[in-house]
Amino acid sequence: MVRVRFAPSPTGHLHIGGARAALFNWLFARHNKGAFILRIEDTDRTRSTEEYINSIIEGMKWLNLDWDEGPYKQTDRFDIYRSYADKLLKEGKAYYCYCSPEELEQGRKEALAQGKQPKYDGRCRNLKAPVSGVTPAVRFRMPQEGETVVNDLIRGKIVFENAHLDDLIIMRSDGTPTYNFTVVVDDVDMNITHVIRGDDHLNNTPKQIHVYDALGYKVPLFAHLPMILGPDKTRLSKRHGATSVMAYKETGYLPEALVNYLVRLGWSYGDQEVFSRDELIKYFSFENVGKSSAVFNPEKFLWLNSHYIINSPAEKLAELVIPFLLKEKIVNEGQALDKGWLSKAVNTQKERSKTLIELAHSLRYYISEDVEYNEKAKVKFLNEKTLPYLIELKDRLASIPDFSASEIEKVFISIIEKHGIKLGNIAQPVRVAMTGKTESPGIFEVLEIIGKEKTMKRLEKAIKTIIK
RNA sequence: GGUCCCAUCGUCUAGAGGCCUAGGACAUGGCCCUCUCAAGGCUAAAACACGGGUUCGAAUCCCGUUGGGACUACCA
């Protein structure tokens with residue numbers, strides 16, 4: 001049975017890179033009908049916060065990446081790490097290190113300055129007696145000869161020389177365990193079969209393999225995913241702008257779009273660009289995961305988002321857009337909104353909205369009492385030449401009983417035929433009268449959605465504006 | 001510096017030695033559709049980093065060079 005995990009560290013919100021690692025793990029688990037486990041790696045107590053844990057969980061839920069076990073927290077498991085560390089200590093596979101962080105840092109700086117590998121010199125490796133007055137850290141005794149092979153599911157065979165491997169600190173002097181140790185203990189303890197993570201962990205892998213060996217456990221399979229880069233081709237980070245998943249939620253992106261965008265960063269299935277969840281689960285495989293890192297491209301993501309908006313049912317979008325209508329002050333708290341009407345309105349705007357925020361703004365002239373004219377639009381279309389048509393249209397529309405797009409169209413057609421003009425000659429002035437702008441959905445449906453009463457008011461206002 | 005990874009249009013990618021005159025997608029330009037704006041359709045421009053091999057034949061395999069990235073913590 002396949003068991004995989006996503007193991008974020010709660011030192012920040014769920015970001016794009018983490019979300020993709022979570023997604024690939026989730027996909028692999030679902031494809032293989034295995035288990036997906038969420039584990040919070042919060043051993044760094046100075047940087048981890050409860051707030052970030054909640055934020056990560058919120059992000060996972062928004063993306064609809066459900067987990068079968070957890071969230072486990074490593075801070076709840078300190079006893080377990082302690083006992084494993086004691087076991088290694090007892091067997092001589094780990095040792096106490098009395099060096100102070102300051103002297104270690106000093107040594108590292110010197111090595112770097114001399115162009116040497118900054119590696120622990122092993123001075124505490126064979127200490128016979130404890131150094132009094134110092135609480136030691138625990139170091140793992142790394143083998144210094146031979147090679148370690150990582151058979152990566154994505155990259156193939158990678159060979160590391162053990163001589164380059166450093167003796168890891170597995171327990172800090174304050175008694176808390178460190179990442180390279182807890183990750184192994186937990187993956188063993190949770191029966192993880194496949195470790196799927198960012199390729200920034202590739203260099204840690206041989207060290208972790210030795211920890212598995214020392215503990216006497218079978219090494220899981222590894223799959224190291226290529227990194228996601230910013231436009232400057234360095235690792236995606238805060239300086240590249242919005243990188244947290246929730247920031248995209250707040251700016252009006254759909255989770256399906258993010259998932260689809262993220263999965264195509266590094267994974268492909270022939271020429272297909274758009275995938276349903278089921279297709280993703282069905283098709284996902286490491287064989288189609290690329291090896292090279294990918295630059296995050298906001299334009300393509302935006303395109304996918306608009307694609308998903310266009311293809312979402314209007315009812316669903318209407319529901320989703322309400323928070324944005326409120327936030328953008330297009331609708332007031334407590335203001336009544338007919339859902340059926342809103343869906344109709346959304347339906348006319350969804351193909352010209354790339355985000356839910358854009359969709360919310362596009363709804364403004366449907367919802368508001370009044371419109372403001374764009375100055376250029378007003379000058380061009382609300383003038384003496386168009387006045388007679390506006391008057392005639394107003395009179396004719398006033399008398400139709402069924403204020404529907406098809407009936408409205410009949411009125412327009414009859415007027416243009418009578419005067420031998422083009423539809424544009426009348427549609428554009430009306431458009432400006434209704435929306436204040438020169439662009440909008442089809443004019444007949446715009447009128448229908450605005451409704452007879454407001455349409456009359458706005459035509460009246462346009463006429464007055466011209467006469468005045 | 002050391003270790004490891006990577007290398008096809010600006011970007012995401014297809015490509016498993018002949019199907020490649022290198023395909024798709026985003027973005028960009030043009031055309032069509034059209035009441036405007038979109039959406040959609042068609043179309044154009046745009047890439048195998050370089051150098052050596054191997055082979056009848058290389059984007060594809062090997063080596064080197066160059067370039068980029070990650071790691072190098074009592075962070076994860």
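Quick caveat, the model's predicted, so the values are computed rather than measured. Side-chain atoms are counted along with the backbone in the values below, which use heavy atoms only and exclude waters and symmetry mates. Chain A is the first sequence line, chain B the second, and so forth, proteins listed ahead of strands; every chain is numbered from 1.
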Protein-nucleotide distance (A:L168, atom CG; B:C71, atom P), rounded to Å: 16 Å
Nucleic acid contacts of residues 266-276 of chain A, taken as heavy-atom distances under 4.0 Å to RNA chain B: A:G266, A:S268, A:G270, A:D271, A:E273
Is a side-chain donor-acceptor pair under 3.5 Å present for A:D186 with A:Y81? yes
For RNA chain B, which residues in residues 181-188 of chain A have a heavy atom at a distance below 4.0 Å? none
Can you tell me if A:R235 touches the phosphate of B:C71, counting only side-chain N or O atoms and a distance under 4.0 Å to OP1 or OP2? yes
I need a per-nucleotide contact map over nucleotides 30-35 of chain B, read 5' to 3'. Cutoff is protein heavy atoms under 4.0 Å; write B for the base, S for backbone only, - otherwise. -----B
Can you tell me if A:T11 touches the phosphate of B:C75, counting only side-chain N or O atoms and a distance under 4.0 Å to OP1 or OP2? no
Go through residues 298-308 of chain A and report each residue with a non-hydrogen atom lying under 4.0 Å from RNA chain B, sorted by number. A:E299, A:K300, A:W303
Salt bridge (charged side-chain N to carboxylate O under 4.0 Å, His left out) partners for A:R364, two or more places apart: none
I'd like to check the side-chain contact (heavy atoms from CB on, under 4.5 Å) partners of A:A214; sequence neighbours left out, ordered by chain and number. A:L88, A:K93, A:F140
Once side-chain hydrogen bond (donor to acceptor under 3.5 Å, both in side chains) is applied, do any residues pair with A:Q208, and if so which ones, sequence neighbours excluded? A:R197
Nucleotide N/O to protein N/O under 3.5 Å, stretch nucleotides 72-74 of chain B:
| from | atom 1 | to | atom 2 | distance (Å) |
| --- | --- | --- | --- | --- |
| B:C74 | O2 | A:S173 | N | 2.8 |
| B:C74 | O2 | A:S173 | OG | 3.0 |
| B:C74 | N3 | A:S173 | OG | 2.9 |
| B:C74 | N4 | A:C99 | O | 2.7 |

Contacts of type ring pair (Phe, Tyr, Trp, His ring centres under 6.0 Å), residue A:H210, not counting sequence neighbours: none
What integer number of Å spans the C1' atoms of B:C9 and B:G24? 12 Å
Could you work out, with side-chain contact (heavy atoms from CB on, under 4.5 Å) as the rule, every residue matching A:P313, not counting sequence neighbours? A:E315, A:K316
Please tabulate, one pair per line, each protein N/O and nucleotide N/O from nucleotides 41-45 of chain B that are separated by under 3.5 Å, including the distance.
none

Rounded interatomic separation in angstrom, taking CG from A:N374 and P from B:U36: 18 Å
May I have the distance from A:R264 (atom CZ) to B:C12 (atom C1'), rounded to whole angstrom? 6 Å
Whole-Å distance, A:I426 CD1 to B:U36 C1', equals 14 Å
Members of residues 346-367 of chain A that approach RNA chain B, where some heavy atom sits under 4.0 Å away: A:E351, A:R352, A:K354
